[in-house]
Number of protein chains: 2
Amino acid sequence: MSVQERKQRERADRERLIVATARELAEQQGWDAVTTRRLAERIEYSQPVLYSHFRGKREIIGAVALQGAAELAVSMRAAASAADGPRGRAAALARAYLDFALRNPAVYEAMFQLDGGLAFAQESTPQPLKDAFAALLENLEEVAGAGVHPGLFTEVFWASLHGLATLTKARRLPPEDAERRTDLLVDRLASL
Amino acid sequence: MSVQERKQRERADRERLIVATARELAEQQGWDAVTTRRLAERIEYSQPVLYSHFRGKREIIGAVALQGAAELAVSMRAAASAADGPRGRAAALARAYLDFALRNPAVYEAMFQLDGGLAFAQESTPQPLKDAFAALLENLEEVAGAGVHPGLFTEVFWASLHGLATLTKARRLPPEDAERRTDLLVDRLASL
DNA sequence: CTCGATTGTCTAGCAGTGCTAGGGTCAGGG
DNA sequence: CCCTGACCCTAGCACTGCTAGACAATCGAG
C-alpha cells in the first residue's frame with residue numbers, strides 16, 4: 001500500500017517538475033525553445049515519460065496556463081483589496097493584470113495566445129480560468145455603470161487590457177508610454 | 001532589353017502568386033498548414049524558388065501582413081467617410097476594424113500576432129503599417145478629448161479593438177455578444 | 001553557327017520537430 | 001526463488017525550415 005502511495009507521490013512530483021521546467025524554459029528562451037527533447041533532458045528522463053503524464057505538448061502548455069491563471073487571480077485580488085474606492089480598485093486591477101503579463105510573458109502567452117487545449121467561457125472551463133475572470137468581475141461590478149451588464153463590461157475591460165498587454169509584448173506599441181495608456185484606458189472605461 | 005523586362009515582370013508575377021497562395025492557404029487551413037513544401041507545390045515550383053524571393057517563411061508572412069494592412073486602411077477610411085459625426089466615425093472605424101479581423105483571420109494573425117519580421121512604431125516601419133495607423137488617427141483625433149494626446153488615445157483605442165478581435169478569434173470570448181461589446185467599448189472611449 | 005558563361009531551377013539532404021512502437025530492466029507478490 | 005507486470009529507454013516515423021550542389025536552358029561574343 002505505502003509503496004503504491006510513494007509511487008503516486010513521486011509521479012505527482014515529477015509532473016510538477018515537468019510543468020515548472022517547461023515554464024522556466026519558456027520564460028528563459030521562449031516557447032519555441034520548449035521542445036520535448038530539451039524538456040526531457042532537463043528533467044533527466046527520456047521523451048516518452050512526458051507522454052505518460054500529458055497527451056502532448058499542448059497539454060503541457062495548458063498546465064502552465066492553469067498555474068498562471070491561479071497566480072493572476074491571487075495578485076489581482078491582492079491589488080484590489082489594497083486599493084480604495086471603486087475607481088481605485090479598477091485601476092489597481094488593471095495595473096496588476098498588466099504587471100503580471102509583463103513579468104511572466106511566456107505564461108501569459110500560454111494562457112491567452114497559445115493553444116493549450118483549454119475551453120474558455122463555457123461550463124467545461126477549468127476552475128482557475130473561471131476564477132481569474134471572477135476576480136475581475138468582483139471588482140468591476142461597481143464601475144460597470146447603470147444598465148450595463150457587469151459580465152459584458154468585464155469582458156470589454158479584460159479585452160482592452162489584453163490588447164495593451166499583447167501589443168506591448170509584441171513590440172507593436174512603444175513600451176515607454178505603457179503607464180499613460182493604462183491610465184487613459186481606466187479613466188475612460190471606469191466612468192463613474 | 002525587353003527580354004530582361006519580361007523576366008522581371010514574370011518574377012514579380014510569381015512573387016505575387018507566392019503571397020496570394022500563402023494567404024489563401026493560411027485562410028483555408030491556418031498558418032500551420034502553410035509549409036514551404038505545400039506552398040511550393042501549389043505554385044508549381046520547387047521549394048528553393050521561394051527562397052529566391054524571400055529570405056524565409058517569416059518574410060512571406062510579412063508580405064501577407066503588409067497586403068492586409070493596406071486593405072485594412074482602405075476599408076477603415078471608407079467606413080469612416082460614410083459615417084456622420086465624430087462619434088459615428090469612431091463607431092464605424094471600430095466596426096470596420098473588427099469586421100476585417102473576422103473576415104481575414106489569417107491575415108490579421110500575420111499582421112499582429114505572428115512574427116513577420118516587421119518593425120512597428122518606428123521610422124523603419126513599412127508604409128502600409130504606418131498608413132493603417134494613420135487611418136485610425138485621422139478619425140479619432142476629434143474624439144480623443146481635451147488634453148489627451150491623439151496618438152496615445154489612438155493606441156489605446158487600437159489596443160482595445162485588438163483585444164476584442166484576438167480574444168474572440170481564439171474563442172476566449174463568446175462570439176454572440178461581439179457587437180454589444182463593440183458598442184460598449186466605443187461608448188466609453190469616444191466620450192464626447 | 002558555335003561555344004563559354006551566366007542564370008535559373010531542381011534533386012537530395014541536413015538538423016531539427018512532435019510523437020510512438022517495441023524491447024529490456026527491475027521491483028513486487030505469490 | 002521465480003514469474004509477472006509496471007516502468008522506462010532506444011530507435012524510428014513523418015514532418016518541418018532551409019540549403020548545397022548538380023543540371024539544364026539561355027544569352028552574348030567571336
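Proteins come first, then strands; the chains are lettered A, B, ... in the order of their sequence lines, and each starts at number 1. Every heavy atom of this structure was used, including side-chain atoms; hydrogens, water molecules and symmetry mates were not. This structure is a prediction, so every number in the text was calculated from the model and none was measured.
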What's the CG-P distance between Leu39(B) and dC18(D), to the nearest Å?
-> 12 Å

Check the distance between dT20(C)'s P and Arg55(A)'s CZ and give it to me in whole angstrom.
-> 10 Å

OP1, OP2 of dC18(D) versus side-chain N and O of Thr36(B): anything below 4.0 Å?
-> no

For nucleotides 5-11 of chain C, read 5' to 3', which letter fits each nucleotide if B means a protein heavy atom sits under 4.0 Å from the base, S means only the sugar-phosphate is that close, and - means neither?
-> ----SBB

Let me see the working for Asp187(A) and Arg87(A) under salt bridge (charged side-chain N to carboxylate O under 4.0 Å, His left out), right down to the final yes or no.
-> CA-CA 9 Å; Asp187(A) 212 54; Arg87(A) 181 74 221 296; 3.5 Å; yes

Whole angstrom value for the distance that separates C1' of dC15(D) from CD of Glu41(B) | 14 Å

note: Asp32(A), atom CG; dG17(D), atom P; distance rounded to Å ~ 13 Å

Does the gap between the ring centers of Trp158(B) and Phe153(B) come in under 6.0 Å?
-> no

Return the value, rounded to whole Å, for the distance between atom CD of Gln29(A) and atom C1' of dT17(C).
-> 16 Å

Can you tell me how far P of dC18(D) sits from NZ of Lys57(B), to the nearest Å?
-> 8 Å

Does any pair with a residue in residues 90-108 of chain A pass salt bridge (charged side-chain N to carboxylate O under 4.0 Å, His left out), and if so which ones, sequence neighbours excluded?
-> Arg95(A)-Asp183(A), Asp99(A)-Arg103(A)

Provide the full list of salt bridge (charged side-chain N to carboxylate O under 4.0 Å, His left out) pairs with a residue in residues 158-172 of chain A, sequence neighbours left out, each pair given once.
-> Glu109(A)-Lys169(A)

N/O donor to acceptor pairs below 3.5 angstrom from side-chain atoms of residues 116-123 of chain B, sequence neighbours left out:
| residue | atom | partner | partner atom | Å |
| --- | --- | --- | --- | --- |
| Gln122(B) | OE1 | Ser124(B) | OG | 3.3 |

Rounded to the nearest Å, what distance is computed from the OH atom of residue Tyr51(A) to the P atom of nucleotide dC9(D)?
-> 15 Å

Atom CD of Gln28(A): over 12 foreign heavy atoms under 6.0 Å | yes

Between Tyr97(B) and Tyr108(B), is the gap from one ring center to the other below 6.0 Å?
-> yes

Would you mind reading off the distance between Leu50(A) atom CG and dC7(D) atom C1', rounded to a whole angstrom?
-> 15 Å

Enumerate donor-acceptor pairs with a distance under 3.5 Å from any side-chain N or O in residues 60-70 of chain B to protein atoms, sequence neighbours excluded.
| residue | atom | partner | partner atom | Å |
| --- | --- | --- | --- | --- |
| Gln67(B) | OE1 | Arg23(B) | NH1 | 2.8 |

Listed pairs, N/O of protein and of nucleotides 22-24 of chain D, under 3.5 Å:
none

Does Arg37(A) make a side-chain donor-acceptor contact with the base of dG16(C), cut-off 3.5 Å?
-> no

Base, sugar-phosphate, or nothing: which does Arg38(A) touch, judged by heavy atoms less than 4.0 Å apart?
-> sugar-phosphate

Identify the two heavy atoms, one from Arg11(B) and one from Ser52(B), that lie closest to each other, and give their separation to 0.1 Å.
-> NH2-O, 2.7 Å

